[in-house]
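Notes follow the structure.
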Amino acid sequence: MNEEFFQRTTIEVAENLLGMLLCRKMADESVQRCLIREVEVYDGVEDKASHAHKGKTKRNAVMFGPGGYWYVYLCYGMHWMLNLVTEKEGYPAAILIRGAGDYGGPGVLTKKLNISHSLNAKLCSEQSGLWIEKNLASHPYTTLRTPRIGIDYAGEWALAPLRLKMAERC
DNA sequence: AGTAGGATCGCG
DNA sequence: GCGATCCTACTG
């Protein structure tokens with residue numbers, strides 16, 4: 001994936017991300033490929049649920065940079081959250097990857113794939129050991145949109161249908 | 001320097 | 001429904 005892919009609107013990238021493969025080079029040089037099933041959109045400074053809402057800080061600085069980089073941070077003192085930065089330089093936005101492969105929940109995902117702070121601000125590319133690939137064997141699915149998880153404090157933004165989930169077509 | 005509050009999880 | 005657990009950001 002090149003920067004053209006990541007620097008579109010966040011919702012666009014999120015829709016594309018579903019059904020693609022999250023690829024991780026493990027310590028033993030093997031590569032794990034996980035189908036991305038669930039993501040959440042955090043778009044702009046207006047969004048009260050976004051870390052960018054309170055302005056640029058040392059932690060969230062990556063969100064303000066160009067799309068195509070990983071934003072990894074610690075949550076609740078024990079879980080690493082994996083986000084993909086989107087949009088152009090100066091516009092803070094990211095997509096939280098909540099579920100991929102058989103791993104449900106953002107904290108479980110990063111634990112299984114051995115993802116932590118060392119990947120923060122790294123490029124989403126094979127050279128960094130964590131990247132995205134198109135899924136050549138994709139199955140048909142529909143996209144389910146619901147409110148995001150764990151952000152009740154965000155007022156009206158807590159209701160916005162910014163969680164995208166892959167659902168089997170029936 | 002001290003502190004409040006999380007984009008969670010797994011066990012009851 | 002709750003406790004674990006620690007970093008960040010904000011306050012004084």
Side-chain angles (χ1 to χ4, degrees), chain A residues 6-24 26 32 34-88 90-124 128 130-132 143-167:
Chain A
F6 299 113
Q7 296 192 10
R8 294 172 297 154
T9 64
T10 313
I11 195 74
E12 241 178 311
V13 179
E15 279 169 355
N16 275 263
L17 221 46
L18 281 187
M20 291 180 79
L21 298 171
L22 177 66
C23 309
R24 175 66 166 142
M26 306 301 283
Q32 275 211 48
C34 303
L35 183 70
I36 300 174
R37 299 176 174 281
E38 187 180 343
V39 298
E40 279 180 7
V41 167
Y42 290 86
D43 187 27
V45 292
E46 306 283 305
D47 183 355
K48 278 189 193 162
S50 171
H51 288 169
H53 179 65
K54 291 173 187 162
K56 191 173 179 176
T57 65
K58 199 170 176 181
R59 176 174 67 158
N60 68 18
V62 198
M63 289 184 77
F64 288 76
Y69 290 81
W70 296 114
Y71 172 38
V72 185
Y73 68 91
L74 189 64
C75 188
Y76 296 114
M78 58 186 82
H79 299 294
W80 294 102
M81 299 290 113
L82 175 63
N83 300 252
L84 183 59
V85 175
T86 57
E87 296 272 1
K88 302 210 187 279
Y91 185 99
I95 298 167
L96 171 66
I97 300 181
R98 292 190 60 90
D102 295 329
Y103 311 136
V108 173
L109 177 74
T110 52
K111 189 174 182 185
K112 299 285 188 184
L113 294 180
N114 198 26
I115 292 165
S116 68
H117 61 110
S118 62
L119 278 157
N120 186 47
K122 292 288 190 297
L123 195 60
C124 172
S128 72
L130 185 63
W131 70 100
I132 301 292
T143 302
L144 200 63
R145 291 182 62 155
T146 67
R148 293 168 294 179
I149 304 296
I151 52 149
D152 291 347
Y153 59 84
E156 64 204 86
W157 288 93
L159 303 173
L162 294 176
R163 177 184 180 213
L164 279 65
K165 200 173 182 179
M166 187 187 257

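In the text below, chain A, chain B and the rest are named by the order of the sequence lines, each starting its count at 1.
For A:Tyr69, the ring pair (Phe, Tyr, Trp, His ring centres under 6.0 Å) criterion is met by no residue, not counting sequence neighbours. With sequence neighbours excluded, the residues forming a side chain to side chain contact (heavy atoms under 4.5 Å, CB included) with A:Thr143 are A:Leu18, A:Tyr141, A:Arg145, A:Leu164, listed by chain and number. By the salt bridge (charged side-chain N to carboxylate O under 4.0 Å, His left out) test, A:Asp43 pairs with no residue at all, sequence neighbours left out. A:Lys54 meets the side chain to side chain contact (heavy atoms under 4.5 Å, CB included) test with no other residue; sequence neighbours excluded. Take A:His79 and apply the side chain to side chain contact (heavy atoms under 4.5 Å, CB included) test, not counting sequence neighbours, and it matches A:Met81.
Straight-line distance from the CG atom of A:Asp152 to the C1' atom of B:dG5: 14 Å, rounded to whole Å. Separating the NZ atom of A:Lys48 from the P atom of B:dA7 is a distance of 15 Å, rounded to the nearest angstrom. In this structure, the NZ atom of A:Lys111 is 10 Å from the C1' atom of B:dG10, given to the nearest Å.
For the segment residues 91-108 of chain A, residues with any heavy atom less than 4.0 angstrom from an atom of DNA chain B are, sorted by number, A:Leu96, A:Arg98, A:Gly105, A:Pro106, A:Gly107, A:Val108. Applying a 4.0 Å cut-off to non-hydrogen atoms, the residues of residues 38-46 of chain A that approach DNA chain B are A:Tyr42, listed by residue number. Contacts between residues 51-61 of chain A and DNA chain B, defined by a heavy-atom separation under 4.0 Å, are made by A:His51. Against DNA chain C, the stretch residues 63-86 of chain A makes heavy-atom approaches under 4.0 Å through A:Leu74, A:Tyr76, A:Gly77, A:Met78.
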Pair up each side-chain donor or acceptor in residues 94-110 of chain A with any protein partner under 3.5 Å, not counting sequence neighbours, and list the distances.
unit_1: A:Arg98; atom_1: NE; unit_2: A:Glu38; atom_2: OE2; d: 3.2
unit_1: A:Arg98; atom_1: NH1; unit_2: A:Glu40; atom_2: OE2; d: 3.3
unit_1: A:Tyr103; atom_1: OH; unit_2: A:Gln32; atom_2: OE1; d: 3.2
unit_1: A:Thr110; atom_1: OG1; unit_2: A:Trp80; atom_2: O; d: 2.7
unit_1: A:Thr110; atom_1: OG1; unit_2: A:Pro106; atom_2: O; d: 3.3
unit_1: A:Thr110; atom_1: OG1; unit_2: A:Gly107; atom_2: O; d: 3.0

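When side chains are defined from C-beta on, A:Asn83 does not count as touching A:Trp70, because their heavy atoms never get closer than 4.5 Å. A:Leu22 has its side chain within reach of A:Leu113: a pair of non-hydrogen atoms, C-beta onward, lies under 4.5 Å apart. Counting heavy atoms from C-beta outward, A:Asn120 and A:Tyr73 have side chains that stay 4.5 Å or more apart.
A 4.0 Å heavy-atom criterion places the boundary nucleotides of DNA chain C facing chain A at C:dA4 to C:dA9, written 5' to 3'.
Note that CH2 of A:Trp157 and OH of A:Tyr42 are 12.0 Å apart. Values are rounded to the nearest 0.5 Å. Going from atom CG of A:Leu119 over to atom CG of A:Leu130 covers 5.5 Å, rounded to the nearest 0.5 Å. Put simply, CD1 on A:Ile11 and CG on A:Leu17 are 11.5 Å apart, with the number rounded to the nearest 0.5 Å.
With a cut-off of 3.5 Å on both pairing distances, the Watson-Crick and G-U wobble pairs of DNA chain C assemble into stems of 3 or more at B:1-6 with C:6-11, B:8-11 with C:1-4.
Scanning all heavy atoms of the two residues, the minimum distance from A:Gln7 to A:Pro66 falls at NE2-CB, 3.6 Å. Between A:Asn60 and A:His51, the shortest heavy-atom distance links the atoms ND2-O, 3.0 Å. Scanning both residues, A:Arg59 and A:Tyr71, for their nearest heavy atoms gives O-CE1, 3.3 Å.
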Full working for side chain to side chain contact (heavy atoms under 4.5 Å, CB included) between A:Lys112 and A:Cys34: CA-CA 11 Å; A:Lys112 299 285 188 184; A:Cys34 303; over 6 Å; no
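Of the residues listed (A:Leu159, A:Asp47, A:Val41), the one engaging A:Arg148 in a side-chain contact (heavy atoms from CB on, under 4.5 Å) is A:Asp47, and it is the only one. Looking at A:Thr86, A:Val39, A:Ile132 one by one, the single match for side-chain contact (heavy atoms from CB on, under 4.5 Å) with A:Val13 turns out to be A:Thr86.
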